[in-house]
Structures are given as structure tokens and as C-alpha cells.
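Lettering follows sequence order; numbering is per chain, from 1.
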6 protein chains.
Amino acid sequence: MRPSGRDLSEMRPVSIETDFTKHAEGSCLIKVGDTHVICTATIEDRVPPFIKGSGLGWVTAEYGMLPRSTTSRMRREASAGKQGGRTVEIQRLIGRSLRAGVDRVAMGERQISIDCDVIQADGGTRCASITGGWVALRLAVNKLMKAGDIVSDPLVDPVAAVSCGIYAGQPVLDLDYPEDSEAGVDGNFIMTGSKQLIEVQMSAEGATYSRDQMNQLMDLAEKGVGELVEIQKAACA
Amino acid sequence: MRPSGRDLSEMRPVSIETDFTKHAEGSCLIKVGDTHVICTATIEDRVPPFIKGSGLGWVTAEYGMLPRSTTSRMRREASAGKQGGRTVEIQRLIGRSLRAGVDRVAMGERQISIDCDVIQADGGTRCASITGGWVALRLAVNKLMKAGDIVSDPLVDPVAAVSCGIYAGQPVLDLDYPEDSEAGVDGNFIMTGSKQLIEVQMSAEGATYSRDQMNQLMDLAEKGVGELVEIQKAACA
Amino acid sequence: MRPSGRDLSEMRPVSIETDFTKHAEGSCLIKVGDTHVICTATIEDRVPPFIKGSGLGWVTAEYGMLPRSTTSRMRREASAGKQGGRTVEIQRLIGRSLRAGVDRVAMGERQISIDCDVIQADGGTRCASITGGWVALRLAVNKLMKAGDIVSDPLVDPVAAVSCGIYAGQPVLDLDYPEDSEAGVDGNFIMTGSKQLIEVQMSAEGATYSRDQMNQLMDLAEKGVGELVEIQKAACA
Amino acid sequence: MRPSGRDLSEMRPVSIETDFTKHAEGSCLIKVGDTHVICTATIEDRVPPFIKGSGLGWVTAEYGMLPRSTTSRMRREASAGKQGGRTVEIQRLIGRSLRAGVDRVAMGERQISIDCDVIQADGGTRCASITGGWVALRLAVNKLMKAGDIVSDPLVDPVAAVSCGIYAGQPVLDLDYPEDSEAGVDGNFIMTGSKQLIEVQMSAEGATYSRDQMNQLMDLAEKGVGELVEIQKAACA
Amino acid sequence: MRPSGRDLSEMRPVSIETDFTKHAEGSCLIKVGDTHVICTATIEDRVPPFIKGSGLGWVTAEYGMLPRSTTSRMRREASAGKQGGRTVEIQRLIGRSLRAGVDRVAMGERQISIDCDVIQADGGTRCASITGGWVALRLAVNKLMKAGDIVSDPLVDPVAAVSCGIYAGQPVLDLDYPEDSEAGVDGNFIMTGSKQLIEVQMSAEGATYSRDQMNQLMDLAEKGVGELVEIQKAACA
Amino acid sequence: MRPSGRDLSEMRPVSIETDFTKHAEGSCLIKVGDTHVICTATIEDRVPPFIKGSGLGWVTAEYGMLPRSTTSRMRREASAGKQGGRTVEIQRLIGRSLRAGVDRVAMGERQISIDCDVIQADGGTRCASITGGWVALRLAVNKLMKAGDIVSDPLVDPVAAVSCGIYAGQPVLDLDYPEDSEAGVDGNFIMTGSKQLIEVQMSAEGATYSRDQMNQLMDLAEKGVGELVEIQKAACA
């Protein structure tokens, strides 16, 4: 019944190739089906003004799509002169989600910037960015710990994200683009490895949903995040 | 225990003054405690390019804050030369939420633009904007129906929004600014009058939450939206 | 003969509601007929670079219109990405006019920013902004004097503004929008309570005027400013 | 008593060299003392949307300063990414002033754009721009009349501009930069050859002025404009 | 003597992986040593206004670098709000170079947009972009020819680019980043498969060079382009 | 055979009027045929951040065109809100070219900014800007040397630029606009007085060229630069 032939609760194949680029302190190429995202982590000594002197660390994120990562070419945001509303919304979500999984005291007063650049899109780019972004962050923190710059691990529990939605009347896990463009209700669930919630964003476009349906989607999300966390762990091992 | 002395499940006093400005096709001043927002609805014949010729209507929204609506002066976005990420995120949420409550076929091929301008802020401005924005939309649609431009009512069920969060370890309804700035977990719940969900946005900043806690917040949200819908109905009567 | 039925030298009803918003150091809602403007004053310790260390104070102003303050919706300037020429011109006028009425030595090295936001427009918004802006400034200075931060009153004489023009061949006081859009000649007169001139801006669009006509308009302006200053004094009492 | 040794009512030497650039339909280099401005007129068939189909003409203007036209280098506005408030204010004034002297019916539905670029500044650049801009306009209209595109002359009366101000307590004509930077009160007077007023902009910065003083400045302005109009006529003969 | 141990006339290893992304009409990942660029070609029916109706085709290009493609993180241009001067210069060069190798009549009135996005940089990104961009273009044209939309091949001769420079006093081929940042003289040579020149850009920063030296660099460039063209042909076979 | 009747190797008449504007530390008006450019040099104490404390000097350049310097009016870049790609490319070239002829140690840690503003264009504006820009730079450095701020002359050899191209199948020197708009191959050659090369930029648009042709163009360029350098020397004497 799903265009891809997947079961309702079946994720697409997921792979994470670490150290994908040589300059970044942490990096990976994450593939969730045909959605491919390069995630890099940059360690910086400066922090935003509002936490200067606090001793706390900061994690921030930026997101972009290559113009032809999509079926038809999108205008390049650098050339358009500004980041669109969707981009801004997504990169704020990535930053907030990753920060929630960080012990900012243990991290020390430094900033890690996560860049997520989609080179091929097929639905679920923001979730792939969070899941891959956490891996880049993990690798950069490993480097800081190995160098003795950080003593106590600030990443106690992995952070991963998956989308769920109601497609053709059925709750499904990990929507691809054909499903995403049809689903009236869909959401992104960001959780930790121990299934604590970080962010839930359930939207409807031209539809509504019941609390029952929401609970079913949450069940699917827990399953998906569980699988993603295993893949993250294997990649960072 | 709450700074305002309110019960955990008690909303701030809410009032809606309709026809607050004389030019708009629909307008109101909504006050949720010390949060005051002017909402106006503008009917336009043009629709966005992607639905031209479809016969469907469109609802969109813009959001702004007066520079001194806040405790310290914010930079005017028009002067800064762009809308900040938070603004963009909020106005996309308002538009999406209101659209979910509209029968776009019944609306006919026209656009209604909702402007939400915060003249005084004390937490919960996006929720007040959605609740007040729906009233402005309702009044504008009433005008179209009275004129015979719309025959079948496209607003079958009211849309309202409320924030909930975990403050000092307790789930509370309708956070004001002192609570909001302390809460590690909070979210916005947009629902219809019949308690169908439209959007759930639960975020954590430096914290996580369990599914149990989420369910408690949803219970509070249902109570709050129920009260808001009654006030909307009274205002539009 | 005037659309509103007013006499040639009759102003619209004017009211000033002080302390309209709770966060600003000074604020009011000024209504000149159907023109409604929220004016706030913000006290800041920093001054512009060119007077740093001079011991002198500075007063500056910003101006905006809510998108639907007008009969048809205007594009939101924050969304357009810049302030239009008219906005820039007006806010420079407001700042310059208010500064002319301030003893900048007595004020001390601090800045007061006046924000004038038009929530409903019916002609004369820049004059209403100056008149209301002075009230917000007055209230903020009162606060500084009460706190002992300023010893000698820097606001020796009120500043108010009124528009006059030639409508249907006749000099008239305080043009509303229907008159303003017809008048080929009109101007703004900013004066002090003792009738000293601060700024005169008489423009013609597709017309010219004689020195005699200019003198008649000045007479009207003196009358109007006299009335406004009384209302300012009453509001601040 | 004036830094330049001029009498109180004495203008700087003024010269106008027509056809200064070869591409424009009308052009001149105007020198008012050490203030030098290149003015060009461009005839275009299109008009702004709001007069399309009206049969009326339009005159508009843009203004700029070369970065090193001033004593210290100013930032190039094209590089800063926007025109400053002062620039916007000036170019709106130039356009409005020139339009007031044009019979827009006789002009026919076309636009003439006046560009005023200051190559050396020593006070009074906006007045020189208007005076020189009118010459460029005159030459462009001559071309249209010679070609038979315009039958009845739309420029019935020249338009010229001069600044006056109170310097060291005395009303003076045509302020140069040393005077301008000292004067607390100064203004720009735009008039026709027959001494009808088009625009009066009298400002005070940190000062006020009486109606008597204003009248004295107007007398000086009438003298100055009279002289400028003779020079315009000689240049266009 | 070269940091990499290469001979003076030795290129880095070059590989081209075609069909790197699934949505574009043509795409490749080109690796020139540690410089990695994704090149995509998008076929569009519209052409720029200045050739509308001419029957001629157009090739244009855009260029970008991922923020962490470099040793230290660069600011994202979309976030900075504009493309920097270097970016603009490079993308104009890519477009001009590729157009020079296209028979625009044979191409027909359509546009092909080449996007070159650097995912890892180690010197020579603009040359790699041109060489890889031509491959993407070739693949897209193949698709048009196979579909019968183009009959006569508009790409008669491949286009490739290589940099040369004077490093430590010696002319060297294909500078990597350590060489590039030291070389006072370097240039980019864009040629066709038959060694016709398309563009030569030889710059000096704080140095000059003789005509003899220029000739030596041209000899190296011919060698390098010859090798690149073979790799292009193999990749497209 | 050339539209102007010139010989293939004949330059247009060139004149340089020094001290064209009174405020700049160095300035000239250069006329190369009908191409007229105002060049000014501004001495500043600050240097760009990346050379702070190095003791080295910096030369930078900005370029602009008056809107009606061209046959049809171009949009003013300050009003468009950004410098176009061509402008950016040209001003980077001017800065780089002039820097190559400067002994930055002898110059001392200061910046000289060259502004090149085209007031009339007829082809070759970037070359005229470099040639005239060097004169402005020379005059500014003279001032610093006379004042004793610089001891050893940092401008050992003049820098000048000329364009050459293939017009109607023939190599020609110093293209004017009618030639430039027809030529498929043309380039800019920047050299020193002693014929050392600084920058060669040979482009083809819809054409290619052989190495033989390139050599012929280089011969022409050497002749042209030789003549320009004599005119520069005479102007600065």
C-alpha cells in the first residue's frame, strides 16, 4: 500500500559514513533512503554574547539544500539574498534538538556549529539532519575529550529524529517524498536513546487529527528512533 | 506556587474586542492577561501562484511585535532589514493553523491575510495571535457571506491555541513570561472547538520530557482551548 | 464644505491616553480623529558614536504603520526587507523635531528612542506622531527626574505638530485623509508651546502657492498647535 | 563676517555647463561655488503603474554622492547595500519639486528620470541638484518638442532652489559647508521663476526660530532664486 | 620540492563519478586530489529575457562552497545575505567558459543551469567546477539528444580548466592549497579539447611576471587540459 | 575598417586632468576617447583586519557607473540594493592590479582606497579606471612623501591597462563600445612601465582563439601600455 512497498512501520535503509570530509572536526554523510545529507561539526572558541562568561557551551546549526537536490531546481538561497522561512525553521529546530541532549556545563564555554547540507532530497531531510548532526557532534566531542579539553562526556544520550504521518488513512513511519506530499498530517519526533522526548512537531495541512492517532504515531516514532540510535552507535564505535 | 498566584490549570483573563480598527474586513484586539495583540483580516482577490485556477482559497498570516512591546526594546525588524527567525517561524505557524480549520473549497479562490501585531507582550503571543486571528478571519468571512460572495460557511469549527509547559516540575496551563522564561519544557497546542488536533509543538531547551508528562500537558491544553473557544464564540456573536 | 463638515480652522477631536503600554518608560495612545498612533519612549544608556563622551543627550525616533492601518493593506516593511522612503523621511522628521525642543545638556549623556506605530490611519500620522511622541518623551523624562537621574528639566517647552493645506481653494487646518488626498498644497508645522517654529515643510504636488497663502496656513497652524499643547499638558498633568 | 567674505545676501558664483555627457537626452554640470553636480535627464516610455493609462506624465529623481565628494570619504551606498535616509529624503524632494513645475497633461504619458550625482560637495547639494536638474529636464523636453513628440510646452515656469539659514545670528543666503555645519536653523526654498512657492523646508537642529526670522529668510530666498533663474535661462538659450 | 612531492608538471589524481545525484538531468562528483565538487545540470525551458525569441540557447552557472569545505569554517552565504565577490567572479567565469564551448544555435532556445557546489576544498575549485560542470552539461545534452529534442550535437569539443602558477620560483601545474596560498603569480586556463583557448586569467598578488614565464605556464596548462579531457571522455563514455 | 577609422594598433586620444576634485588626497579625470572616469585616492590610517600589525600597507578599489553614463539608463546600484556581479569583478581587478605595483613594506601600515566612477562610458572603463586610478594613487603617495610619512617611494613602476580583442577577424588595440559589443574575443592586459605582466584576462564569448592570436594581442597591449605610461608620467610631472 505504500508507494515504496514498505510495511507501515518500516524505515528506509539507513547508512552513516563518518569522516566524510577531511577539514571538519566531525563529519558524516547520512543516507536515509534517497535522502542524503552531509553533516559537519565545527568547534569554535567563541560563544554567543548572551552566554559569554557563563562557563556554558552552545550548539547551533545551519541547514541548506543544494539547488538541485530536489526534483525541480530550487533557487539558491545565497543568490536569492536570504534564507527562506522553511530553512530558518529547520535550522532552529536542529540546533534546539541537539542542545537538549547536551550537558552544557560539561561541554565548557565553547560553541559547536553543525552544518547540515542536503545533497539529495526525498523527504525527511530535517530528521536526517538531526540524526546525522548528532553523529558529527559526537565525533567532534570525542576529539575534544581525547585532547583533554573536555573531561566529562557532555553527550549522555544520543539524539535522533524520525517523521511519522497519516498516509492514505494509515499511520506510517518515516515518510518519503511521495508520501510526504500526500499526507495531510505529519510530524517530526525528536527523542533520546532512552526514549525521552525532546521535541514533537505534529502539523496538519488542510486536515486535523485525533489524540488516538497522535498516540499511534508516537508509538511508531519510538520504534524508528530506537533503530536510528543503534545505527548511530555503530557508526561512532 | 505560580508567580501570578494562578492555579496550575487556570488561564489568565482573556478578552476579545472586535472591530478594533475601522479599515480591515475583520479585526480584534485580543488580551490574554498582559499579552495584547491586534489581529486584522484582509480579503484579497489574488491567490498565490501555486493555486491559481484551482478554485481553492488561501489563508496566510504575518506577525510582528512593536519594538517596545517587550521589557527591553527590540530592534525594529523593518529597520534591521529582515524578519528574524522567530518571527518567520511564528507567522508560518499561524497561517498553517488557521488554514487547517478552513474548508478551502467553500472559501472560493480568494486569499485572506491575517496580520497579528503584538502591542504588549507577556508570554504566549503566538497562541494569542492564533486565537485572535481566527476571530478576525471569522468576521471577514461573515462579511463575505453577508454579501453573498461565499455561500457555504468555510469555517466549520473554531481554531484556538494555548501554551502549556512544565514549570518548577509541575505541568501548568497558559504560561506567562516569568514562567515561560524559566520553563525547560513548553509547547503550543492548536486545536479545533471539537478538540481535534491541528498542531502540537512541544520543545525542550536543555531538558527532556516523558510521554506521561506530554499526556498531562495535552489534558491541560484541551481544557484551555475549550475556554478560549467559548470566548471566541461570544465575541463573534 | 469640508467632507467632515468641520469649519476651516477646526481640528478633529484629539485625545491622549497615557501609559498605554506597561513596559515602556513613557507611552501613550494618541487619537486625532480616526488617526491612532501608539507612541513609546525607551531610555537607553548608550548614545550614538558621534556624541560619545560629549555629555550631551540624544533623542531619536522610528515610525511604522501596521499593514492594515490603511484602507487597503500595505506590504509589511519588515517582510519587504526595508523601510520605504516615506517612512525614513517621517522618522527623521520626528527625531529632529523632538530634539529641537530638548536641552541636550540638561538631558545628560543618554538616548531616548521614540517609537511611533500607527494602528489606524486617516491623514496626519506624522503630526500625531510628533505630538504623541512628545508626551511619551515627557513621561520618560519625568521618570528620570523623579529618580534623580536628571536634575534640571530638559523639556522647557512642549513640541506639537499640525498639518494645514489648501483644500478646494481654501486654507484648512488639520487635513484628514479625504482632504489630504485631494489637496495640491499642504504642509506640516512643528512648533513649541510658545509658538517658536521648529520645522516647516510645505509641499506642493502639481501646484504652487503664494506667500500670502503660506501666511494664512501659518496662522491656522499657530491656532492648531495652541490647542494641541493644551491637550498635551492636560494628559501629562 | 561670513567665512567666505560674502555679503549676507550674496550667492556663490554659479555656472551651468549644458550637454556635459553625451548619452543623456539632457544633461549639465552645475557648479554653485565648490559644489559640483552632474544632472542628467532620461526619457522613458514607461510610467509608474499608478498612472498607467491616465495620459499624464511623470518626473522622478535619484540622487547620489561620489564617495570622495566630501572632505572625508563616505561609504559607497551601492556597497553598503542601501541608500541612506538622507539620500532618500533628498531624491524625493528633487522629484516632487520638479514635478510641481510641470504640466503633466502637456507632457504626455512618459517618464523623465533626473539623476543628480554630486562629484564635489561644499553645502547646498540638494538645491544645486534641483536647479541643475531643471536644466537637464528643460533640455530633454526641448528634444521631445523638436521631434514633435510634445506639442505644448509643459515647462511653463523654471524651478530653482536655494538654501538660507541663520548663521552667527544673521540671516544669510546660500550657505556653504562651513556655514551649514554651524547653522542651527536653515532651510531650502524651492520656487518658480515667477516667485510662486513650491516647497519650503525650514529645519532647526537644537534651536528654534521666530516667524519674523522666517520672513527674512524668505526674502533672501526670493532674491537668490531670481538670480538662479536668470542663469538657467542663459544656459538653456 | 612541491609540498605534495609531485613533479612540476604533474597533476593530482582526478576522478569523475557520473550520475552522482538522482534528480538532475546530468550530474557528477569530480575529485581533483582533495578538491571535491558536486556538479549538476538542470534543463529549463525558459531563457533569459535578452535572448527570448532568438532561437539561441543559454548556459549559466552558480557556485557555492559548503561552510566547512575549508580548513576553518566560512560563513554561509545564504545566511550572510549575499554572495561574496569571489563567488560572483567564479560563477560568471564558469558560465562564460562553458558557453564558449557550446553551439548555441544547435542547442535550441532553452537554458541549462550548472550548479557547482564544493564539498571539500584544497585549491583549484573553480577549475574543477568547469571541468566537472562540462561533464554534467554533456550528460544533460545527451539526454536531450536521446529524446530527440536536440538533433545536432551542440558540444563539439570538450571544455576543461586547470590552474598553473609560479611556486618557489618554478612554474608548476595544478596548484593545491598549500601552493596556491604561497604563489604570488597564478592563473586559470580554460581550453577546448583541441587546445583552442577560451579564457586565460593570470593574476599576480604582490608580484609581476614576464612574458616568458607566461609562455611556460601556457605549456603546462596545455598538458594538463589534455589529460583532463581524456578523463572527461572516459567518464561520459 | 574600424568604426572609428582608427588603425588596428591605434589608441583613442587619452588625457588625464589631475586634481579634478578638491577633497581627495589624489584625483584625476581620465578620458580615453569618450570613456570618462573620475578617480580619487583616499588615505586612511586603518587597514583590513588580516594585515593589522603587519606593518604592510593595502590598496583597495571601488568602481561605479553613473546611471546615465551609458546609452540607455542603468539601474542605480545603491537603489537596487547591491553591486552587480560585473561591478564586483571589476573593482576586485582594479585593487589587485594596483596592489601588484606597490611595495607594501615601503607604503607602511595604511590603506589607500581608490574610487573609480564612470561618468561617461564608451568601452574600456575598467582599463581607464586602472590607468587613472594609478595616477590618483601616485598623487596621494606624493603627498605622503612630501609630508615625510613615507620615506622610500613604494611606487617603483607605473601600472596601466589596455584592452585588445579580435574585431572582424583582426586583432585591434583599445576597443571602443561599438567594437567591444561585436568582438567575440577580447581581453584586458595590465602591465607595468617596464612591460612586466600583472594581469591578463582574455575571455571569449561564443568563440575561441589560438595561442598565435593571443600573442598578437599581447604585442598590441605592450604598445598601448607603453603610450599610456608616458601620458601618466606627463600628468604627474
Side-chain angles (χ1 to χ4, degrees), chain D residues 19-29 31 33-46 60-84 86-88 91 111-122 136 140 177, chain F residues 19-29 31 33-46 60-84 86-88 91 111-122 136 140 177:
Chain D
D19 299 325
F20 186 69
T21 67
K22 75 168 190 175
H23 297 304
E25 281 76 43
S27 73
C28 71
L29 170 64
K31 296 186 178 177
D34 277 339
T35 291
H36 301 178
V37 186
I38 298 177
C39 303
T40 62
T42 297
I43 302 170
E44 291 162 304
D45 277 334
R46 60 184 186 80
T60 186
E62 287 192 352
Y63 169 94
M65 298 183 85
L66 296 201
R68 197 54 201 283
S69 58
T70 42
T71 47
S72 59
R73 187 176 183 274
M74 302 186 320
R75 186 160 182 209
R76 188 178 289 267
E77 290 187 322
S79 148
K82 66 170 188 166
Q83 297 181 306
R86 180 185 166 276
T87 295
V88 169
Q91 67 193 11
Q111 175 169 286
I112 300 185
S113 293
I114 306 298
D115 283 289
C116 301
D117 286 274
V118 179
I119 60 177
Q120 191 175 276
D122 188 41
Y177 181 73
Chain F
D19 298 326
F20 186 70
T21 68
K22 74 168 190 176
H23 298 303
E25 281 76 43
S27 73
C28 71
L29 170 65
K31 296 186 179 177
D34 277 340
T35 291
H36 301 178
V37 186
I38 298 176
C39 304
T40 62
T42 298
I43 303 170
E44 291 164 303
D45 278 332
R46 58 184 187 80
T60 187
E62 287 192 351
Y63 169 93
M65 299 182 84
L66 296 201
R68 196 55 200 283
S69 57
T70 42
T71 47
S72 59
R73 187 177 183 274
M74 300 187 322
R75 188 164 179 204
R76 187 178 289 269
E77 289 187 323
S79 148
K82 66 170 186 167
Q83 297 181 305
R86 180 184 166 276
T87 295
V88 168
Q91 67 193 10
Q111 174 169 287
I112 301 186
S113 294
I114 307 297
D115 283 288
C116 302
D117 286 274
V118 178
I119 60 177
Q120 193 175 278
D122 188 41
Y177 182 73

For [X], which atoms come within 4.5 Å of any heavy atom of chain D: side chain, backbone, both, or neither?
X     : answer
F/K22 : both
F/T70 : backbone
F/Q91 : neither
F/A80 : neither
F/C39 : neither

Problem set entry | Check: F/H36 side chain, D/T21 main-chain N or O, donor-acceptor pair, under 3.5 Å |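 Not confirmed, F/H36 side chain does not pair with D/T21 backbone.
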
For this session: Among D/I38, D/L29, D/D117, D/T40, find the one that has a side chain to side chain contact (heavy atoms under 4.5 Å, CB included) with F/I119.
Result: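 Of all the options given, the one that passes is D/I38.
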
Exercise. Going from OG1 on D/T42 to CE on F/M74, what distance comes out if it is rounded to the nearest 0.5 angstrom?
Worked result: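 Here the rounded value is 11.0 Å.
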
Exercise. Between F/S69, F/S27, F/S72, which has the largest tally of heavy atom pairs under 4.5 Å with chain D?
Worked result: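 Going by pairs under 4.5 Å, I would pick F/S69.
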
Exercise. Most heavy-atom pairs under 4.5 angstrom with chain F, which of D/P67, D/G81, D/S79, D/G64?
Worked result: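 Most heavy-atom pairs within the cutoff with chain F belong to D/S79.
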
Exercise. Picking from D/R73, D/E77, D/K82, which has the most non-hydrogen pairs under 4.5 angstrom with chain F?
Worked result: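 Most heavy-atom pairs within the cutoff with chain F belong to D/R73.
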
Exercise. Given a strict heavy-atom distance threshold of 4.5 Å, which part of D/Q120 is in contact with chain F: side chain, backbone, both, or neither?
Worked result: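 For D/Q120, the contact with chain F is made by the side chain alone.
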
